[in-house]
Amino acid sequence: MSSSAELSKIIKSAIIKAQKDGELPQVDLPEIIIEKPKIDKFGSLSSNIPMILGKTMNCNPMDIAVIILKKIEKNQIIDKWDIAKPGFINVHLSTFQRGKILVDIIKLKDKYGTNSLGQKTKILIEFVSVNPTGPVHVGHARGAVLGSVIANILKFSDFNVSKEYYVNDAGNQIDLFIESIVENIKKILDIDYKIPDDGYKGKYIEEIAQDLIKKISKNNLKDVASAYEKIKKLALEITLDSIKNDLEMLGIKYDNWFSENSLISEGTLKVCLDILDKKDLLYEKDGAQWFKSSQFQTDDDVVLYKSNDEGHTYFSTDIAYHYNKFFIRKYERIINIFGADHHSHVFRIKSALEAFEIDQNKMDTLLTQIVRFKSNNKSERFSKRSGNIYTIRDLLDVVGVDAIRFNFLHRTPESQQEFDIDLAIKESSENPVYYIQYAYARLSSIINSVKFDYSKANLNLLKSTFETNLIETLDLFPEVVVRSAITLQTHLITKYSLDLAKELQIFYENCRVLSEDTELSKARVNLVISSKIVLKNVLNLLGINTPERM
RNA sequence: GCGCCUGUAGCUCAGUUGGAUAGAGUGCAGCCCUGCGAAGGCUGAAGUCGUGAGUUCGAAUCUCGCCAGGCGCGCCA
């Protein structure tokens, strides 16, 4: 258990004791948040709980702080307690506790920082899920990186996580895509063709057409209509492979690729419609079938089956998809990561969940704000249909994968991001990720030159502020993981990685690890080894490489 | 027009139930290697926290108005 978790418990029991003894009023206690003060002189850790209680208890925070301090039981963790205006409790960790932190880290190794928050909860995280109608562009990379790291954080927090890509292999966008390819094939084969006005354009469409001509013999292609199913199957395979490949280059791997079509062929959609029908939530109007979502969370009802027999809407299969997640595969929680342009869709899905009587809290939706593409001072949206694509692959050609990942992870998803390619290239070399990796390589370098036995070290020798600050930063890691698992925020981890790297550099500048003082050297090697473990765990969570050398 | 999101240092962004002197990276002006990696450390300049009001002992944080930008408001996905 981290010091802040211990401290939180200690303070809580002190408050409860004071309440029992009648020295503090009986009120419900909020979560006791422990944080590291920004300024060193305020100690290792602090809590503002007296100020929070001051409000609910209607007392002076400073008086409350004094009472809490009196009730705190003796322990080995804290060396010194302070009270500061206007009502902070500040603590200084004991040398014993700092030593224990290092021992714990070395013992736990790659398990250090894990927690049991999830308790094996079965959770599905779905992200990217772009139509298999072309390459993945930079606009999707954000959700991709975010999703994979949130999955890592949740795994680290004892959730049973599956990462899924929902393949939209049904519906009219796919038909349009295939039609665009078919017409391009005809064009290449010099058959009468007509490329649809609203069809997919761009060089990659022509390339897929060329590729298919190679894969399917020319004889079969003469009658394009009869080869349609084969073309569709192969075209989907080609685009999906390319998507898979691009995402892997970004360091992202999925557990499942879920087919939209299977919801229709396996009858899930029909089951859903029957349930909604039985609840009297469906009706016919203008030749279409509607769902009464306005009874739940939307302003207007939504169409499930289009008029003129044009088939199901995307929304109807998405209802079935969510039904499948909860009732067939029995996920206990799901997380969806969508682009902000899907905002209104979220309320439709929630309406459907409500109709199925699923607890709303079991679904979290993260909306990443649209990444806009900017170059030569022109700002525009990515669009596949217009052929205006800047792909992940294009980006990886000019910016390293670690820099890209850090760039997306280091900001809150709701921040709007204008992706200026010129700026991205310029900043690539000065990306903070290299600072962190540099610190890591330095640690490795020191450890490699250690030639003595450091197992029995006197950790009490680590008492300069450079050393204590570093140890106390290592100690914060488990809490950072918990916090980011609860809030699903990745930037807490990147922020921590920077803080840790900074502490490491300062330690390095001021404390020579390998010196004539063999006892001190032994202790410091233990500190270096602990630091390397923690930094490695942090970077692994972020999916960022840990180079031994740079 | 309605709904959601955003506005903090020149630039890119943090800022945890409202609390200690509003922070980081980068850029700018300087200083520091014949010592485990200078892709580094240190010092400094740089902010009306979009704006106006309100609530509070206390507001970047909460409430309302206004300004600016983004995204939605399809029988597209």
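In the text below, chain A, chain B and the rest are named by the order of the sequence lines, each starting its count at 1.
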Counting only side-chain N and O atoms of [X], is one of them less than 4.0 Å from OP1 or OP2 of [N]?
X        : N      : value
A:Tyr438 : B:rA39 : yes
A:Lys502 : B:rC42 : yes
A:Tyr314 : B:rC75 : no
A:Ser415 : B:rA14 : yes

Give a yes or no on whether a donor-acceptor pair under 3.5 Å exists between the nucleobase atoms of [N], that is its base, and the side chain of [X].
X       : N      : result
A:Ser46 : B:rA20 : yes
A:Asn90 : B:rA20 : yes
A:Glu35 : B:rU16 : yes

Practice problem: For A:Ser47 and for A:Asn168, find the nucleotide of RNA chain B with the closest heavy atom, then tell me which residue's nucleotide is more 5'. | Solution: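 On the 5' side of the pair lies A:Ser47.
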Quiz prompt | Toward the 5' end of RNA chain B, by each residue's nearest nucleotide, A:Lys41 or A:Glu31 | solution =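 It is A:Glu31, whose closest nucleotide lies nearer the 5' terminus.
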Scan [X] against the nucleic acid and name what it touches under 4.0 Å (heavy atoms): base, sugar-phosphate only, or nothing.
X        : answer
A:Asn48  : base
A:Arg348 : base
A:His491 : sugar-phosphate
A:Leu367 : nothing
A:Ala441 : base
A:Pro30  : base
A:Asp286 : base
A:Tyr435 : sugar-phosphate
A:Ser445 : base

Quiz item: Would you call A:Lys12-A:Glu31 a salt bridge at under 4.0 Å N-O?
Solution: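 Here A:Lys12 does not pair with A:Glu31 in a salt bridge, since their nearest N and O are not under 4.0 Å apart.
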Quiz prompt | Ion pair check, A:Glu164 and A:Lys325, cut-off under 4.0 Å | solution =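 Here A:Glu164 does not pair with A:Lys325 in a salt bridge, since their nearest N and O are not under 4.0 Å apart.
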Taking the [atom1] atom in each of [N] and [M], what is the distance between them to the nearest angstrom?
N      : M      : atom1 : value
B:rA46 : B:rC5  : P     : 36 Å
B:rC13 : B:rA22 : C1'   : 14 Å
B:rC11 : B:rA53 : C1'   : 32 Å

Exercise. Check A:Ser484, A:Ser8, A:Ser3, A:Ser2 against A:Glu479 for a side chain to side chain contact (heavy atoms under 4.5 Å, CB included) and give me the one that passes.
Key: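 For A:Glu479, the side chain to side chain contact (heavy atoms under 4.5 Å, CB included) check succeeds only for A:Ser2.
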Exercise. Have a look at A:Val149 and tell me which of A:Leu154, A:Leu409, A:Ile493 forms a side chain to side chain contact (heavy atoms under 4.5 Å, CB included) with it.
Key: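 For A:Val149, the side chain to side chain contact (heavy atoms under 4.5 Å, CB included) test succeeds with only one of A:Leu154, A:Leu409, A:Ile493, which is A:Leu409.
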Practice problem: Whenever both distances are under 3.5 Å in a Watson-Crick or G-U wobble pair, mark it; put RNA chain B into dot-bracket that way, with [ ] for crossing pairs and | when the partner is on another strand. | Solution: (((((((..((((.....[...)))).(((((.......))))).....(((((..]....))))))))))))....
Is the [X] ring parallel, tilted or perpendicular to the [Y] ring (thresholds 30°, 60°)?
X        : Y        : result
A:Trp290 : A:Tyr283 : parallel
A:Tyr314 : A:His342 : perpendicular
A:Tyr165 : A:Trp257 : parallel
A:Tyr305 : A:His312 : perpendicular

Compile the donor-acceptor pairs under 3.5 Å between side chains in residues 46-67 of chain A and protein atoms, sequence neighbours left out, one pair per line.
unit_1	atom_1	unit_2	atom_2	d
A:Ser47	OG	A:Ile49	N	3.1
A:Thr56	OG1	A:Leu53	O	3.3
A:Asn60	OD1	A:Met62	N	2.9

Quiz item: Any chance the rings of A:Phe42 and A:Phe88 have centres within less than 6.0 Å?
Solution: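 No, the ring of A:Phe42 stays outside the 6.0 Å limit from the ring of A:Phe88, centre to centre.
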Quiz item: Are A:Phe466 and A:Phe507 close enough that their ring centers fall under 6.0 Å?
Solution: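 Ring centres of A:Phe507 and A:Phe466 not closer than 6.0 Å.
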Quiz item: Restricting to pairs with a member in residues 484-499 of chain A, which pass salt bridge (charged side-chain N to carboxylate O under 4.0 Å, His left out), not counting sequence neighbours?
Solution: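 Salt bridge (charged side-chain N to carboxylate O under 4.0 Å, His left out) check on residues 484-499 of chain A returns A:Lys495-A:Asp499.
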Practice problem: Identify whether the glycosidic angle of B:rC36 places it syn (within 90° of 0) or anti. | Solution: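 Anti conformation for B:rC36.
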Quiz item: From the list B:rA20, B:rC5, B:rA77, which nucleotide is the closest neighbour of the side chain of A:Glu260?
Solution: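 For the A:Glu260 side chain, the nearest candidate turns out to be B:rA77.
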Just the atom pairs and distances: protein N or O near nucleotides 56-63 of chain B's N or O, under 3.5 Å.
unit_1	atom_1	unit_2	atom_2	d
B:rG58	O6	A:Lys55	NZ	2.8

Quiz item: What are the residues of residues 509-518 of chain A, sorted by number, that bring a heavy atom to within less than 4.0 Å of RNA chain B?
Solution: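 Here the set is A:Glu509, A:Cys511, A:Arg512, A:Val513, A:Leu514.
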Exercise. Return the residues of residues 297-307 of chain A meeting this criterion: a heavy atom under 4.0 Å from some atom of RNA chain B. Order them by number, or give none.
Key: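 The answer is A:Val303, A:Lys306, A:Ser307.
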